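Quantities reported herein were computed from a predicted structural model and do not represent experimental measurements.
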Amino acid sequence: MARILITSAIPYINGIKHLGNLVGSQLPADLYARFCRARGDEVMFICATDEHGTPAELAAAKAGKPVAEYCAEMHEVQKGLSEGFRLSFDKFGRSSSPQNHALTQYFAGRLADNGYIEEVTEKQVYSNADGRFLPDRYIEGTCPNCGYDKARGDQCENCTKQLDPTDLIDPRSAISGSTDLEVRETKHLYLRQSALKDRLDAWIDEKSDWPVLTTSIAKKWLHDGDGLQDRGITRDLDWGVPVKKGDADWPGMEGKVFYVWFDAPIEYIAATKEWSDEKGLDDDAWQRWWRTDKGAEDVRYVQFMGKDNVPFHTLSFPATIIGSGDPWKLVDYIKSFNYLNYDGGQFSTSQGRGVFMDQALDILPADYWRWWLLSHAPENSDSEFTWENFQASVNKDLADVLGNFVSRVTKFCRSKFGETVPEGGETGPREEALIADLSKRLDAYQAHMEAIDVRKASSELRAMWAAGNEYLQEAAPWSVFKEDEAAAAAIIRLSLNLIRLYGVLSAPFIPDASAEMLKAMGAEDAAWPKDIASALDALPAGQAFTVPENLFRKISDDEREDWQSRFSGVRT
RNA sequence: GGGCCUGUAGCUCAAUUGGUUAGAGCAGAGCGCUCAUAACGCUUUGGUUGGGGGUUCAAGUCCCUCCGGGCCUACCA
């Protein structure tokens, strides 16, 4: 039994995530976690909310709430939506947890002990009106290069020129609009990633099986220009993990917090501790997942994320772990995703463009979304959500191919044999051919799931559903029944067993519908099949079943048009 | 500016890493079935693989070039 540690990139706290965020990390991570569990692996599946940083403070201020209260509320909202989408986290933690505070401070202390922290005094813009330092992008002004009057302090969006905030003409705070700005000196800690560059480079070189998207981004950062740069890991903010060296104060760093990208990945570890603390377990319980000296040697650690997160997971976080000098578990495989676009443009949290998790669940159950998103996951390039495509895929794949199969088999049986698995008759060459076909497809399905080839896995699963319809059409029990009831019984008994098998195999993609199939078949055995032949023998003759409600309803043209227009504008 | 990814049938995607006649699903057309959510099955139309050039016995795959789409470029996270 393998042990698999799975983490999904942790969603930022400042609002409800859209479907693009979902399919880029949490959903495929859940697919993989469910698959591994079904196969009998021991799985630890971790996610959390990423709660620190300037955007959280601003979102809280906008909502008129203290930031801690705002984050607590938004965490519950996001947690509820995760449950709505059936994301099977073992722990959905919070980066603001005491566990993460302690662990982040611990890591900083270890890095300092090992000489990987440098103190740098630099100049930053301070806004007197806002009472805070402003990150570069929160300073606006006129671009010295092109004259654009809404250029940001890091870059002009109009002419794309890289800027320093002090380059701006007539700079003002993007938060308040105040021009009462001054440049102040402030001291910050830098993680000396450059000193770990060669080790990171060699480590990435080993990962020839990683997606190109993952390694090419890492390589770019390692080799571009002067190579991997040191990174500031502290900020002049109130909301975050206070800068400490382990348990000890850090002279000169009073009132500062760690940068959100320093503490966020550490939350993967801290959330596992949150999990064990909550269960009243001792430290061994979480350390056996994370410490190679405490049993994590045989753990396979897989991360899921959108491409924008790749540099932090391939470089900064590994630098933190390696630099600590402790035997922490490094990631074994990074599955990264491109972006999902929405109907000709980008999903946008800030502009409220697209479909958001809460809206999606208001419209349709989770399985509909899970199936479409996973079967169209942006693995090789950016992909696009359109309502036409969504309607067509869901209606065809779920309602027609799978749902209707369940319906036609159970209803036929009820009318001819009653609501028990019929006995009598024998299987023949046609059934052997079906078993051979399904066996081949099961192998392919498992291979794709093991490789986390999401789209390929989904099409193989769909092909197994379609094989049921092909078999039924050819076997034609409605005709056979007129001549030979026992022969028809054998066909239907096998078909009912197919429903049970689909319930087992489809669960990683569509857990609710799978549960319905298994419940309707009265299946006690929901174990992952070892071979198709015996799996199709699991339901014995005489076993009672029920005819389920239609598993999936169809999306009508009217609904599609309604949703199309409802979500075309800006979210209010 | 630099780097990376990408362009294959009307649409969404494959193609065992250079190997025979480029394949699936959807949509379209025809036929069949009547158990079923007007569902299902079978057959079938459809491609100068973005354009051009090159390497090779052999190119969707490698090289050059042009055109289009996207992402990243380190203080948003």
Sole residue of A:S176, A:S127, A:P55 in side-chain contact (heavy atoms from CB on, under 4.5 Å) with A:Y138: A:P55
Ring centroid separation A:H188 to A:F133 under 6.0 Å: no
Give me the distance, rounded to whole Å, that separates B:U20 from B:U61 when you measure between the C1' atoms they each carry. 16 Å
I'd like the P distance from B:A9 over to B:G41, given in whole Å. 25 Å
Of the candidate nucleotides B:A77, B:G41, B:U73, which contains the atom at the shortest distance from the side chain of A:V260? B:A77
Whole angstrom is fine here: how far is it from OH in A:Y190 over to P in B:A74? 13 Å
Round to the nearest Å and state the distance from A:E379 atom CD to B:U12 atom P. 17 Å
Once each nucleotide of nucleotides 33-39 of chain B is scored for protein heavy atoms under 4.0 Å, what B/S/- sequence comes out, 5' to 3'? SSBBB-S
Ring-plane angle category for A:W387 and A:F390, please: parallel below 30°, perpendicular beyond 60°, tilted otherwise. perpendicular
Between A:F405 and A:Y471, does the ring centre distance come in under 6.0 Å? no
I want to verify a distance call: between B:C13, B:A74, B:A77, whose nearest atom is closest to the A:W261 side chain? B:A77
Would you state whether a donor and an acceptor, one from the side chain of A:E122 and one from the base of B:C75, lie under 3.5 Å apart? yes
Using a cut-off of strictly less than 4.0 Å, decide whether A:Y259 has a side-chain nitrogen or oxygen near OP1 or OP2 of B:A77. yes
Is any side-chain nitrogen or oxygen of A:R462 closer than 4.0 Å to OP1 or OP2 of B:A24? no
A:L222 atom CG is separated from B:A74 atom P, nearest whole Å, by 16 Å
Taking B:G7 as the reference, what is the distance to B:U49 when you measure between their C1' atoms (whole Å, please)? 9 Å
Give me the distance, rounded to whole Å, that separates B:G23 from B:A15 when you measure between the P atoms they each carry. 14 Å
If I take atom CZ in residue A:R231 and atom C1' in nucleotide B:A77, what distance separates them, rounded to the nearest angstrom? 10 Å
A:D308 atom CG is separated from B:G70 atom C1', nearest whole Å, by 14 Å
Determine whether a donor-acceptor pair (N or O, by modelled atom type, separation under 3.5 Å) exists between the side chain of A:T410 and the backbone of A:S407. yes
How far, in whole Å, is B:G18 from B:C63 if one measures between their P atoms? 11 Å
Any non-hydrogen side-chain atom of A:L200 less than 4.5 Å from a side-chain atom of A:L222? yes
Determine the contact category for A:G15: base if any of its heavy atoms lies under 4.0 Å from a base atom, sugar-phosphate if only primed atoms, P, OP1 or OP2 are that close, otherwise nothing. nothing
If I take atom CH2 in residue A:W239 and atom C1' in nucleotide B:C76, what distance separates them, rounded to the nearest angstrom? 18 Å
Pairs touching residues 449-462 of chain A that satisfy side chain to side chain donor-acceptor pair (under 3.5 Å), sequence neighbours left out: A:R39-A:E450, A:D397-A:R462, A:R441-A:E460
With rounding to whole Å, what would you report as the distance between B:A59 and B:U17 at their C1' atoms? 13 Å
Identify whether any heavy atom of A:P55 sits under 4.0 Å from a base atom; if not, whether one sits that close to sugar-phosphate; answer base, sugar-phosphate or nothing. sugar-phosphate
Determine the Euclidean distance between corresponding P atoms of B:C4 and B:G60; express it in Å to zero decimal places. 24 Å
In whole Å, what is the span from the NE2 atom of A:H223 to the P atom of B:C72? 21 Å
Are A:S316 and A:I233 close enough that some pair of their side-chain heavy atoms sits under 4.5 Å apart? no
Counting only heavy atoms not in A:E483, do more than 12 fall under 6.0 Å of its CD? no
Identify whether the glycosidic angle of B:U73 places it syn (within 90° of 0) or anti. anti
Take atom P in B:U48 and the same atom in B:G10, then report the distance between them in whole Å. 8 Å
Have a look at A:K456 and say if it touches a base, only the backbone sugar-phosphate, or nothing, with a 4.0 Å heavy-atom cut-off. sugar-phosphate
Is any NZ, NE, NH1 or NH2 atom of the basic residue among A:D205 and A:K219 found under 4.0 Å from an Asp or Glu carboxylate oxygen of the other? yes
Runs of at least three consecutive pairs that involve RNA chain B, where pairs are Watson-Crick or G-U with distances under 3.5 Å: B:1-7 with B:67-73, B:10-13 with B:23-26, B:28-32 with B:40-44, B:50-54 with B:62-66
Integer-rounded Å distance: B:A74 C1' and A:L228 CG: 9 Å
Name the nucleic acid region contacted by A:E474, choosing base, sugar-phosphate or nothing; use a 4.0 angstrom heavy-atom cut-off, strictly under. nothing
Establish whether the base of B:C40 is bridged to the side chain of A:E470 by a donor-acceptor pair shorter than 3.5 Å. no
Walking RNA chain B from its 5' end, the first of A:G232 and A:Y339 to be reached, judged by nearest nucleotide, is A:Y339
Verify side chain to side chain donor-acceptor pair (under 3.5 Å) between A:N100 and A:S95, making sure each step is shown before the conclusion. CA-CA 6 Å; A:N100 195 38; A:S95 69; 4.8 Å; no
Does A:D397 reach a base, just sugar-phosphate, or nothing at all? Heavy atoms under 4.0 Å. nothing
Go through the steps for A:K256 and A:T186 under the test side chain to side chain donor-acceptor pair (under 3.5 Å), then give the verdict. CA-CA 10 Å; A:K256 297 176 195 289; A:T186 180; 2.6 Å; yes
